[in-house]
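What follows is a single structure, written as structure tokens, with notes after it.
Keep in mind that what you see is a predicted model, and the values were worked out from it rather than measured.
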Amino acid sequence: MEPVTLTTGRLVLRTVGPKDTDAVYAAAQDPGIQRWTTIPSPYLYEHARGFTEQMVPDGWRDGSMFTFGLFLSAPAHDLVGMLGITRRSLGEAEIGFWATKEHRGHGYITEASRAAAHWAFTHLAVDRLEWRAEVGNTASRAVAERAGFTVEGTLRSALNNKGVRRDCWVGSLLPSDLELASTAPYLPARS
């Protein structure tokens, strides 16, 4: 699939490439990003280059992962974060995101998550978008909840972060949560 660009009221969500390597590298030096995400730590320049020049284009090309750099639409076009949607199985995908330290607390990641979810539901035939975060990552959980995800519980030892098994929260967003139709019928459990 060719990369797409999405826009919101304040952001441009677009693929990243070689011209963004420096910004990705600088942002990923933040200890909070390294702590709560599965990016390498320490994060070397070669990691940023592999991400922007190989991993991101490969994911778009083979339809396995759709990564967006989140940039302010004006005036500076600063990188405010990253967001990826990874296919997991037929009709299911997982969302992941991080925010740059200087742009946290402005609702950018929530705004981007809603736009990316809408796109996934309407263009990728996704019927369940899942969010996961290590237990204790309250900032990620707050973003997910503000974006409309329903936190479903805790999965024990379900996340491997740098070789350590950790418990994680899991939540989901369905097309119906955004008043969209599913591609497959949904029969909720009866009480």
Side-chain angles (χ1 to χ4, degrees), residues 1-8 11-21 23-28 30 32-41 43 47-72 78-101 103-104 107-134 137 139-144 146-149 158-162 168-173 178:
M1 168 183 266
E2 286 295 314
V4 300
T5 298
L6 307 174
T7 57
T8 69
L11 301 172
V12 174
L13 287 67
R14 64 165 175 80
T15 189
V16 292
K19 69 180 183 224
D20 303 304
T21 302
V24 169
Y25 172 73
D30 175 16
I33 292 173
Q34 291 186 27
R35 163 62 182 93
W36 293 111
T37 71
T38 57
I39 69 167
S41 181
Y43 194 80
H47 295 128
R49 187 175 359 195
F51 178 72
T52 60
E53 295 179 16
Q54 184 174 3
M55 181 183 280
V56 171
D58 287 353
W60 279 98
R61 189 172 20 267
D62 67 21
S64 63
M65 184 170 66
F66 309 96
T67 303
F68 296 93
L70 315 177
F71 296 88
L72 291 177
D78 290 345
L79 175 70
V80 301
M82 297 296 299
L83 182 148
I85 295 179
T86 305
R87 288 192 191 266
R88 293 294 180 214
S89 62
L90 184 62
E92 294 184 24
E94 183 176 334
I95 192 170
F97 43 75
W98 54 256
T100 61
K101 189 173 190 173
H103 292 292
R104 291 183 189 139
Y108 295 132
I109 307 302
T110 300
E111 186 175 321
S113 295
R114 287 181 185 147
H118 188 278
W119 175 77
F121 293 143
T122 58
H123 290 84
L124 297 179
V126 168
D127 286 324
R128 177 182 165 84
L129 187 59
E130 198 167 273
W131 157 87
R132 292 178 182 218
E134 184 179 330
N137 189 346
S140 182
R141 182 174 176 149
V143 167
R146 283 193 304 270
F149 284 77
L159 186 80
N160 184 330
N161 191 347
K162 299 166 190 67
C168 73
W169 290 315
V170 63
S172 68
L173 188 69
L178 300 182

(Q) Show, in sequence, the C-alpha distance, side-chain angles and deciding distance for I95 and R132, and conclude whether the side-chain contact (heavy atoms from CB on, under 4.5 Å) test is met. (A) CA-CA 8 Å; I95 192 170; R132 292 178 182 218; over 6 Å; no
Q: Verify side-chain contact (heavy atoms from CB on, under 4.5 Å) between T7 and L13, making sure each step is shown before the conclusion.
A: CA-CA 6 Å; T7 57; L13 287 67; over 6 Å; no
Q. Does the pair W60 and T15 meet the rule for a side-chain contact (heavy atoms from CB on, under 4.5 Å), with working shown?
A. CA-CA 9 Å; W60 279 98; T15 189; 3.6 Å; yes
Q.
Run R87 and E92 through salt bridge (charged side-chain N to carboxylate O under 4.0 Å, His left out) and show every step you take.
A. CA-CA 6 Å; R87 288 192 191 266; E92 294 184 24; over 6 Å; no
Q: Take S172 and L129 through the test side-chain contact (heavy atoms from CB on, under 4.5 Å) and record every step on the way to the result.
A: CA-CA 6 Å; S172 68; L129 187 59; over 6 Å; no
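In this structure, H47 and Y43 have tilted ring planes: the angle between them lies in the 30° to 60° band.
Atoms CD and OG1, on E134 and T38 in that order, are 10.5 Å from each other to the nearest 0.5 Å. The CZ atom of F51 lies 12.0 Å from the CG atom of D58; values are rounded to the nearest 0.5 Å. Taking CZ of F121 as the start and CD1 of I85 as the end, the distance is 8.5 Å to the nearest 0.5 Å. Atom CG of N160 is separated from atom SG of C168 by 11.5 Å, given to the nearest 0.5 angstrom. Taken from OG1 in T52 to CE in M82, the straight-line distance is 9.0 Å, to the nearest 0.5 Å. Here the CG-CZ distance, from L11 to F71, works out to 10.5 Å after rounding to the nearest 0.5 Å.
Closest non-hydrogen pair, A147 versus T110, comes out as N-CG2, 3.8 Å. Closest non-hydrogen pair, A116 versus L6, comes out as CA-CD1, 4.1 Å. Among all heavy-atom pairs drawn from T8 and A115, the shortest one is CG2-CB, 3.7 Å. Between I39 and A28 the shortest heavy-atom distance is CD1-CB, 3.8 Å. For the pair R104 and I33, the tightest heavy-atom approach, listed with the atom from each and the gap, is NH2-CG1, 3.5 Å. Residues A117 and L173 come closest through the heavy atom pair CB-CD2, 3.6 Å.
Inspection of the E94 and T86 side chains reveals no N or O donor paired with an N or O acceptor under 3.5 Å.
Residue pairs that meet the salt bridge (Lys or Arg N to Asp or Glu O under 4.0 Å) test with at least one member in residues 115-129, sequence neighbours left out, are R128-E130, R128-E152.
The main-chain N or O of R35 is found under 3.5 Å from a side-chain atom of N161 such that the two form a donor-acceptor pair. A donor-acceptor distance shorter than 3.5 angstrom exists from the side chain of D62 to the backbone of S64, with no hydrogens or angles considered.
The local environment of CE in M55 is sparse, with at most 12 non-hydrogen atoms from other residues, nucleotides or ligands closer than 6.0 Å. For K162, the NZ atom sits in a packed shell: over 12 heavy atoms of surrounding residues, nucleotides or ligands are nearer than 6.0 Å.
Using a 4.5 Å heavy-atom cutoff, the side chains of F97 and F68 are not in contact. Put simply, the side chain of T100 does not reach to within 4.5 Å of the side chain of D30, judged on heavy atoms. A heavy-atom distance below 4.5 Å is not found between the side chains of L70 and H103. A heavy-atom distance below 4.5 Å is not found between the side chains of V56 and E53.
For an aromatic pair to be called close, the ring centres must be under 6.0 Å apart, and W169 with F149 fails this.
Considering W36, W131, W98 as possible partners of S140, the one that fulfils the side-chain hydrogen bond (donor to acceptor under 3.5 Å, both in side chains) test is W131. Each of T5, D20, T67 was evaluated against R14; a single residue qualifies, D20, per the side-chain hydrogen bond (donor to acceptor under 3.5 Å, both in side chains) test.
Using a cut-off of 4.0 Å between Lys/Arg side-chain N and Asp/Glu carboxylate O, R61 and E2 are scored as not salt-bridged.
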